[in-house]
Amino acid sequence: MPRWARWALGGAAVGLVLSVVKSGLPDPDEIWRAMTGLNAGWLAVAVLAQILSMGTFARLIRRLLMLGGAHLTVSRAVALTYARNAVSNSLPAGQVVGIAYATRQFARLGAAKPLIAATLVLSGVYSTAAFVVLGTVAVLGEPSIRPAAAGVLALVLVVVVALARFRPRGFAGWLDRRFPKVLEQIRAARHAVTMARRDRLMLAGLALANWLLDVACLAAVCAAAGVHIGPHTVLLGYVAAKAAAVLLLIPGGLGIAEIGLAATLISGGVTGGAAAAVVLLYRLISYWGVLVAGWAAWLLLLDGLRARLGAGGHWFWDAFVRWSMTLSPCAPYAYRDR
């Protein structure tokens with residue numbers, strides 16, 4: 001996407017939130033009251049939902065690799081998912097760096113290049129398709145934009161069906177010329193991974209569960225802060241925040257995701273202070289918490305560090321055993337056992 005288009009989208013997002021928050025910034029006292037009156041039980045549910053969301057995506061990656069003949073334990077898949085997420089969401093050109101990191105890690109597991117490409121491509125395809133489904137439900141669930149959204153979706157569906165049914169001449173060649181690398185990767189993915197219908201359904205279910213659990217995290221944060229809004233408003237705010245972050249290509253969607261989510265909550269009737277509290281808590285769990293866990297996983301996946309930690313653990317255990325033996329009542333009489 002051209003730079004001017006990204007700046008235009010960013011300006012539109014800022015204009016949206018300014019038009020919604022007409023009374024100015026939220027009152028700090030209101031934000032503090034919302035933050036101090038949290039429900040600990042719902043907050044724990046939010047953290048658990050985010051952990052399950054990351055674990056679900058890790059299982060999606062693991063399933064794809066196993067379908068191609070590679071072996072990957074659940075624990076290592078989870079660690080790789082957290083580490084890749086940290087690299088992608090905190091470094092410049094993070095998506096590219098994250099793909100390179102995942103490629104290197106999968107290669108160390110013995111996966112061939114076609115299988116690695118297939119895993120990355122298919123995981124992206126399933127995840128994007130699941131997000132499109134959620135976005136469609138969110139848009140159609142909003143009464144104010146439902147007619148226009150239904151018309152646009154119907155038009156897109158007609159075009160897609162027509163292209164799939166009639167396949168106009170030159171269209172396939174145009175795709176090959178316009179997106180050669182993408183189509184090449186998709187073809188390689190089809191040959192590298194053989195899937196039955198059951199496998200496709202499982203992968204689709206895992207991709208959808210990954211997004212739904214993240215939405216559940218946001219809903220639980222709203223409940224913890226005492227914010228009572230409809231499910232469609234939660235879903236719409238979530239989709240708006242994620243879509244804005246992806247379109248603007250900002251690592252982690254910093255700033256843009258917060259603006260989109262806050263604007264949707266406020267337009268749904270939530271006060272500025274409560275909306276700010278929800279945004280802060282949700283991003284603290286879903287972004288910063290996952291980021292810290294991801295860099296910790298990145299460190300643990302370093303072979304040199306693991307070896308040093310293992311040596312340090314053995315040394316500590318030996319020292320602990322020796323110290324425990326010196327405290328044993330039988331230590332002074334150890335010579336009698338010889």
Side-chain angles (χ1 to χ4, degrees), residues 13 17 31 34-35 38-61 78-91 94-95 98 123-124 127-128 130-131 134-135 138 206-227 229 231 233-266 268 270 274-298:
V17 74
I31 298 176
M35 295 290 287
L38 297 174
N39 185 306
W42 279 114
L43 202 58
V45 170
V47 174
L48 179 61
Q50 190 58 227
I51 293 173
L52 292 176
S53 175
M54 295 295 293
T56 302
F57 189 76
R59 291 180 179 275
L60 171 65
I61 295 293
V78 172
L80 283 173
T81 300
Y82 274 95
R84 179 188 173 189
N85 179 82
V87 171
S88 299
N89 287 332
S90 57
L91 297 178
Q95 293 297 328
S123 62
S127 184
T128 302
F131 183 77
L134 283 183
L206 289 172
L208 187 60
N210 168 237
W211 291 111
L212 288 176
L213 286 167
D214 201 8
V215 176
C217 174
L218 176 58
V221 168
C222 291
V227 173
I229 54 178
T233 304
V234 175
L235 183 59
L236 186 62
Y238 177 85
V239 170
K242 294 292 184 182
V246 171
L247 287 174
L248 295 178
L249 301 177
I250 297 175
L254 287 175
I256 300 301
E258 288 82 356
I259 288 174
L261 181 55
T264 307
L265 293 176
I266 293 173
V270 181
V278 168
V279 171
L280 288 173
L281 283 172
Y282 171 68
R283 293 292 282 173
L284 181 64
I285 295 171
S286 66
Y287 179 74
W288 294 106
V290 172
L291 196 68
V292 171
W295 282 115
W298 182 85

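Being a predicted model, the structure only gives us computed values, none of them experimental.
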Side-chain polar contacts of residues 79-87 - donor-acceptor pairs under 3.5 angstrom, sequence neighbours left out - could you list them?
residue, atom, partner, partner atom, Å
T81, OG1, A77, O, 2.8
N85, OD1, N89, ND2, 2.9

- request: Enter the distance from L43:CG to L48:CG here, rounded to the nearest 0.5 Å.
  value: 12.0 Å

field: Spacing of CD1 belonging to I266 relative to CG belonging to L261, to within rounding of 0.5 Å
entry: 9.5 Å

- prompt: Tell me, which pairs form a side-chain hydrogen bond (donor to acceptor under 3.5 Å, both in side chains) where one or both residues lie in residues 39-51, sequence neighbours left out?
  reply: Q50-D214

I want to check something: taking the side chain as every heavy atom from C-beta on, are [X] and [Y] in contact at a cut-off of under 4.5 Å?
{"X": "M54", "Y": "V290", "answer": "yes"}
{"X": "L265", "Y": "V234", "answer": "no"}
{"X": "Y287", "Y": "Y282", "answer": "no"}

- request: Report the C-alpha separation of L218 and V278 in whole Å, then their side-chain angles, then the decisive distance to 0.1 Å, and conclude whether the side chain to side chain contact (heavy atoms under 4.5 Å, CB included) test is met.
  value: CA-CA 8 Å; L218 176 58; V278 168; 4.0 Å; yes

- request: Please test V221 against V279 for side chain to side chain contact (heavy atoms under 4.5 Å, CB included), starting from the C-alpha separation and ending with a verdict.
  value: CA-CA 9 Å; V221 168; V279 171; over 6 Å; no

Residues that W295 engages under ring-ring contact (aromatic ring centres under 6.0 Å, His included), provided they are two or more places apart: W298

message: Holding to side-chain contact (heavy atoms from CB on, under 4.5 Å), I want the full list of residues that pass it with L213, two or more places apart in sequence or in another chain.
response: L52, S53, T56

- prompt: Under the side-chain contact (heavy atoms from CB on, under 4.5 Å) test, which residues partner V47, sequence neighbours left out?
  reply: I51, I285

- line: Heavy-atom nearest pair, A49 first then C217, reads CB-N, 3.8 Å

- prompt: For S127, which residues count as a side chain to side chain donor-acceptor pair (under 3.5 Å) partner, sequence neighbours excluded?
  reply: W211

message: I'd like to know whether I61 forms a side chain to side chain contact (heavy atoms under 4.5 Å, CB included) with F57, so could you lay out the CA-CA distance, the side-chain angles of the two residues, the decisive distance to 0.1 Å, and finally the verdict.
response: CA-CA 6 Å; I61 295 293; F57 189 76; 3.9 Å; yes

